[in-house]
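Working notes, structure below.
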2 protein chains.
Amino acid sequence: MSLHDLPAVHQECGDCPIRHRAVCARCESDELARLEQIKYYRSYQSGQTIIWSGDRMDFVASVVTGIATLTQTMEDGRRQMVGLLLPSDFVGRPGRNSAAYDVTATTDVVMCCFRKRPFEEMMSQTPHIAHRLLEMTLDELDAAREWMLLLGRKTAREKIASLVAIIARRDASLSLRRSKGEMVVDLPLTREEMADYLGLTLETVSRQISALKRDGVISLEGKRHVTIPDFDRLLEEAGDDTDGGLLI
Amino acid sequence: MSLHDLPAVHQECGDCPIRHRAVCARCESDELARLEQIKYYRSYQSGQTIIWSGDRMDFVASVVTGIATLTQTMEDGRRQMVGLLLPSDFVGRPGRNSAAYDVTATTDVVMCCFRKRPFEEMMSQTPHIAHRLLEMTLDELDAAREWMLLLGRKTAREKIASLVAIIARRDASLSLRRSKGEMVVDLPLTREEMADYLGLTLETVSRQISALKRDGVISLEGKRHVTIPDFDRLLEEAGDDTDGGLLI
DNA sequence: TTCAACGATTGATCTGTATCAAGGCTGCCA
DNA sequence: TGGCAGCCTTGATACAGATCAATCGTTGAA
């Protein structure tokens, strides 16, 4: 699912995740050459809006470094995050040319972009890419559905515990650390962003984090750095039975 | 997006949605022939569980008639619906062999199934199918994200209005009726199922339906048959700015 | 050094929805 | 014809989380 799941056949292209995700595993060199021709990089500063909902999108992209969010906003300003983009995640949608969500950089972000038209042409010629993209989209759909359970049925405390668990798992899978004892996470989001993720207010987020800290489920250094003494305990607090494959 | 968006090149296969969705538009006859060989039909009675979460899945399928739901359940019994399957919707996931959710028939259901192995082989040989499947999955992802906004940020009243609007729109697109004045919908769900869809209790669902009726936003005959005198008014109640393309 | 801006925490209070409970309607079977 | 089972509605009450408000710590600019 993540970037590191695929064997990096082409070491020399280590800078560009989409190669791994979409091509490398079974690639042929001319595919790589073609991808090479249509790609370019863009970087964004923390807080900057990368794409506005409704914008024309003439590219698709892959996050190289940094973290970005997908959010939806109602007319009166209520906001709901609907996606969290970590390195190697894909942005944009072949076959649609305006963006459906705001994409915002929450840290400095580097994206690897592909002009859409040539990318689509490539996709129709090379089955690997379409295939890989389908797999990634299905993973995201599963994650969205897990998220729906969280939004619809979990308590505030469970939501916070789930968020910490999700981030811890993604971190662990990205860095290939899989130590089973104590885990350490840096929350990449402000309290307000967490609230938008979880369908809560930032005050409730703050209160529940304090409560989990008080009860020894997590401990904090500063506002962002979290230590999880017992991951299974955290999962219990999250109301999560599925230890197995968590997605996104 | 829906079954009827694609030109039905092969009239003679009108009984099997997946042909339209995955193949027909630009199909070649040998693809059809191969699909023909690996498909079979199954029917289920209202209320019957089609697939249990965790089950081995050795097929993928397409809903021919009837309505089914995808739900997730927590250990203590809290339930959240995460998908609503109408005719022509796709079930199952190439590349994964156990089900992630319960699939339940809420009416009598007929499914058109394809054994997974041969379907996957076909997919790797014929780009159309993978392509079409990607499109469908992206549509579902968009719908899931719309749903996340609903679950995380909308009030009970807005949730009900949204649900009625969503069903009305899907109905309209399925039957190609696009009358702009009065609309008529039959709710395919019980109050409890609506509650599971919306992250509410069945009591709250009932109360809010009564309130919308009292305020003239909708009117009811019996418990299921809804008339919408003014669709724009309903959308306003739903907190929906996006009249445009609603998905699923 | 002061001040402003920002993020976070904590308290007091309010409110929307859950929960608990009772009863109504409809269709089906004995 | 009665009675039971599902489904739905409505009322009373409880409570989780929202809202409003005050304060604190940190950072960075004047």
Side-chain angles (χ1 to χ4, degrees), chain A residues 45-48 69 74 76-80 104 106-107 150-164 186-215 218-226 237 239, chain B residues 45-48 69 74 76-80 104 106-107 150-164 186-215 218-226 237 239:
Chain A
Q45 293 185 333
S46 171
Q48 203 179 344
T69 64
M74 294 174 67
D76 61 4
R78 281 176 281 175
R79 290 163 54 85
Q80 176 64 52
T104 312
T106 66
T107 64
L150 179 150
L151 289 171
R153 294 302 186 192
K154 291 192 177 180
T155 65
R157 184 183 174 98
E158 288 169 337
K159 285 178 177 181
I160 298 288
S162 298
L163 176 58
V164 174
D186 275 299
L187 300 175
L189 304 174
T190 65
R191 299 290 185 262
E192 187 174 12
E193 287 163 339
M194 290 186 226
D196 285 342
Y197 189 115
L198 300 170
L200 298 170
T201 59
L202 71 95
E203 293 95 330
T204 300
V205 169
S206 180
R207 275 186 248 273
Q208 295 300 335
I209 288 178
S210 299
L212 288 178
K213 190 172 69 175
R214 174 167 31 75
D215 300 344
I218 58 175
S219 64
L220 284 187
E221 278 163 71
K223 276 107 184 26
R224 300 289 194 95
H225 194 78
V226 177
E237 290 285 352
Chain B
Q45 293 184 333
S46 172
Q48 203 179 345
T69 63
M74 293 174 68
D76 61 4
R78 281 176 280 174
R79 289 163 52 86
Q80 175 64 51
T104 312
T106 66
T107 64
L150 179 150
L151 289 171
R153 294 302 186 191
K154 290 192 178 179
T155 65
R157 184 182 175 100
E158 288 169 336
K159 285 177 176 180
I160 297 288
S162 299
L163 176 58
V164 174
D186 275 298
L187 300 175
L189 304 173
T190 66
R191 300 291 186 261
E192 188 175 12
E193 287 163 339
M194 291 186 226
D196 284 343
Y197 188 115
L198 299 170
L200 298 170
T201 59
L202 71 95
E203 292 96 330
T204 299
V205 169
S206 180
R207 274 186 248 273
Q208 295 300 334
I209 288 178
S210 300
L212 289 177
K213 190 171 70 175
R214 176 168 28 75
D215 300 344
I218 59 175
S219 65
L220 283 187
E221 278 163 72
K223 277 105 180 31
R224 300 290 195 96
H225 193 77
V226 177
E237 291 285 350

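Following rounding to the nearest Å, B:Lys159 (NZ) and C:dA18 (C1') show an atom-to-atom distance of 12 Å. Here C:dT9 presents its C1' atom at 13 Å from CZ of A:Arg214, a figure rounded to the nearest Å. We find that NE2 of B:His225 is positioned 18 Å from C1' of C:dT26, with the value rounded to whole Å. B:Asp76 has its CG atom 15 Å from the P atom of C:dA18, to the nearest Å. Between the C1' atom of C:dA8 and the CG atom of A:Leu200 lies a distance of 16 Å, rounded to the nearest Å. Atom CD of A:Glu193 is separated from atom C1' of C:dA8 by 14 Å (rounded to the nearest Å).
By the 4.5 Å heavy-atom criterion applied to side chains, B:Leu163 and B:Met194 are counted as neighbours. Contact of the A:Leu187 side chain with the A:Arg191 side chain is registered, since non-hydrogen atoms from C-beta on lie closer than 4.5 Å.
A 6.0 Å sphere centred on CD of A:Gln48 holds more than 12 heavy atoms belonging to other residues, nucleotides or ligands.
Ion pairing of A:Asp186 with A:Arg224 is absent here, as no side-chain N (NZ or NE/NH1/NH2) approaches a carboxylate O to less than 4.0 Å. Note on A:Arg78 versus B:Glu158: salt bridge recorded, some NZ/NE/NH1/NH2 to OD/OE distance being below 4.0 Å. Ion pairing between a basic and an acidic side chain is recognised when a charged N comes within 4.0 Å of a carboxylate O; B:Asp76 and A:Arg153 show no such pairing.
When distances are taken from the side chain of B:Gln208 to each of C:dA8, C:dT9, C:dT17, the shortest belongs to C:dT17.
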Inset, instruction - Between protein and nucleotides 19-24 of chain C, map the contacts as a letter string: B base, S sugar-phosphate only, - none, heavy atoms under 4.0 Å, written 5' to 3'. - result: BB----
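In terms of heavy-atom proximity, B:Ser219 sits nearest to B:Lys213 at CA-CG, 4.4 Å. Between A:Tyr197 and A:Leu151, the shortest heavy-atom distance links the atoms O-CD2, 3.8 Å.
Two residues, A:Arg224 and B:Gly199, neighbour DNA chain C, and the one matched to the more 5' nucleotide by heavy-atom proximity is A:Arg224.
In this structure, A:Ile209 reaches neither bases nor backbone, as no heavy-atom distance under 4.0 Å exists between it and the strands shown.
Between A:Lys159 and the options A:Val205, A:Leu200, A:Val164, a side chain to side chain contact (heavy atoms under 4.5 Å, CB included) holds for only A:Leu200.
Read 5' to 3', the first and last nucleotides of DNA chain D with an atom closer than 4.0 Å to a heavy atom of chain B are D:dC8 to D:dA12.
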